[in-house]
Amino acid sequence: MEKFYQVLAWASLFIYWLSIAAVTLRIVFKRRVVGVSLAWLLIIYIIPIGGIMAYLLLGELNLGRKRAERARDMFDPFAEWFQRLNDCPGHQPHLMSEHARPLNDLCENRLGIPALSGNSLSLQDSPQAILRSLIDDIHQAKSSIHMEFYIWHPGGLADEIATALIMAAKRGVEIRILLDSAGSMRFFRSHWPRLMRHAGIQLVEALAVSPLRVFLRRMDLRQHRKIVVIDSRIGFTGSMNLVDPAYFKTNAGVGQWIDVMVRMTGPSVTVLNTIQAWDWEVETGERYLPRLPECHVPSVSDDADTVQVIPSGPGMPDEIIHQVLLLSIYQAKESVVITTPYFVPSENLLHAMKAAAQRGVAVDLVIPDKNDSLMVEWASRSFFSELLNAGVRIHRFHGGLLHTKSVVIDRNHCLIGTVNLDMRSLWLNFEVTLAVDNAEFTQQLNWVQQEYIKQSTRVRPEEWEKRPIINKLVEQFFYMFSPLL
């Protein structure tokens, strides 16, 4: 019997070693950022069995067989639809600014989606104003409402929106709603899904979370886009989930969430609608390709906004929003202002920000003073010294959890959307960003950013270096795992 246990022990050790070797080789031969590979190797060596299980569950971008097959089958018809936008009179590359033209070229070549002129944009920076505007537009809807959100949290004005949607459905408006399963868990457990479906609303749970699917699909892959399209005429996107901040995470100790949304009319609304149609088909297999937008020919004197809609995530070109962000920062000549709730940058993004500051560009980073993710908060702090030494100005916002995701370049070009400056948003989740080429709209966004800075405390390099040693150790610990956050 003793010999049997010895053989069993040696066999177990051999299987364990073989598993470690196999996963190590898989990590090494998988083409990705070196920091991500090293972080995963560190995890499987520190937590051997748990690390292997974590990698198999979360280590690779696995959309699931059915969704991956749908995405492949969808690519050609959607690519053809986007290609036809080049014939839209609103596609006028020669009217774009020197900042916008390279972004348009990048997105056309990689995504096949051109920038379109002839849009009208309104920046909404108050949660109450955003939700009231949505309610008013839903009440005016005549034919269709298409929505997708990461989080729908019942309570307050979010319930008024649900009621408005049910009323719209009863008067014959066709409504499709796509909500992320994990982010909207509270909503799906409420009475609202039953009431909506009873009224005829098509409500779909995206990327359903289930223990039965853990080895079939990466479970932390999330649908993080926020899109509303009403009558194919009015579009909303930005950082705000469908929540009333007065009823959302009130016990988290970070204050109310601070967000912005863009309300848009014009040809780019149809592009947003098509991205929502893509997500709907990936999840359900049902195709609803919108009609091509009606565009007018803009003149040089027009002040209509040129908008580049940039989606990212599985099925889209790798790192497209990451590339757009880097290109925008490298083009900056005077100033860069960034607001983000979660700041865990890639090495390339970190270098771009430092290089901009070191060549004399005024670089301001605005982040929340308190974060709802403890790991992200400590990992973010691990980058402060390097950025401060390069001349980047860091501001910690005290007016709540600053959730706005925005970048303003030289006060005349901006990026605004759903993307956090962390690895998860830039490389993994379904996201969408608008690149806006309009000085007036960009100035409005810059004013909002400056108000955030007024409600912030600037991190001073000399004071930051005096923080306790234990803080530095904790920061360094989470820094090692930052490529995975």
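The local environment of CZ in Arg197 is crowded, with over 12 non-hydrogen atoms from other residues, nucleotides or ligands closer than 6.0 Å. Within 6.0 Å of CZ in Arg287 there are more than 12 heavy atoms belonging to other residues, nucleotides or ligands. Residue Arg171 qualifies as enclosed at atom CZ: its count of foreign heavy atoms under 6.0 Å is above 12. Atom OH of Tyr247 sits in a sparse spot, with 12 or fewer heavy atoms from other residues, nucleotides or ligands closer than 6.0 Å.
Here salt bridge (charged side-chain N to carboxylate O under 4.0 Å, His left out) pairs that include residues 328-337, with residues two or more places apart or in two chains, are Glu98-Lys333.
Of the N and O atoms on the side chains of His398 and Thr457, at least one donor lies less than 3.5 Å from an acceptor on the other residue. With 3.5 Å as the limit, one finds a donor-acceptor pair spanning the side chains of Asp410 and His99. Between the side chains of Thr418 and Glu431, at least one donor N or O sits under 3.5 Å from an acceptor N or O. Looking only at atom types and distance, the side chain of Asn412 has no donor-acceptor partner in the side chain of Thr442 under 3.5 Å away. Checking Glu174 against His146 by side-chain atom types alone, a donor-acceptor pair falls below 3.5 Å. Side chains of Ser181 and Glu205: a donor-acceptor N/O pair is present below 3.5 angstrom, by distance only. Thr404 and Tyr452 share a donor-acceptor pair across their side chains, judged by distance under 3.5 Å alone. Between Asp437 and Ser97, the side chains place a donor N or O and an acceptor N or O closer than 3.5 Å (distance only, hydrogens not considered).
Using a 4.5 Å cut-off on side-chain heavy atoms (C-beta onward), Val366 and Ile338 make no contact. Between Lys370 and Pro368, the closest side-chain pair of non-hydrogen atoms is not below 4.5 Å. When side chains are defined from C-beta on, Gln276 counts as touching Arg176, because their heavy atoms get closer than 4.5 Å. With contacts defined as side-chain heavy-atom distances shorter than 4.5 Å, the pair Met240/Leu131 qualifies. Taking 4.5 Å as the limit, some side-chain heavy atom of Arg411 sits within range of a side-chain heavy atom of Gln443.
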| request: Show the numbers, then the answer: is there a salt bridge (charged side-chain N to carboxylate O under 4.0 Å, His left out) between Arg132 and Glu160? | output: CA-CA 9 Å; Arg132 287 293 179 194; Glu160 290 192 34; 3.0 Å; yes
| query | How far apart are the C-alpha atoms of His153 and Asn241, what are their side-chain angles, what is the distance that settles it, and do they pass the side chain to side chain donor-acceptor pair (under 3.5 Å) test? | reply | CA-CA 8 Å; His153 186 87; Asn241 291 291; over 6 Å; no
Handout entry: side chain to side chain donor-acceptor pair (under 3.5 Å) assessment of His322 paired with Ser346
Key = CA-CA 9 Å; His322 190 213; Ser346 66; 2.8 Å; yes
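A ring-centre distance under 6.0 Å is not found for Phe187 and Trp192. A centroid separation of 6.0 Å or more is found between the aromatic rings of Phe430 and His224.
For the pair Arg225 and Tyr150, the cation-pi criterion (under 6.0 Å, within 45° of the ring axis) is not fulfilled.
Separation of atoms CZ (Phe384) and CZ (Arg381) is listed at 7.0 Å; rounding is to 0.5 Å.
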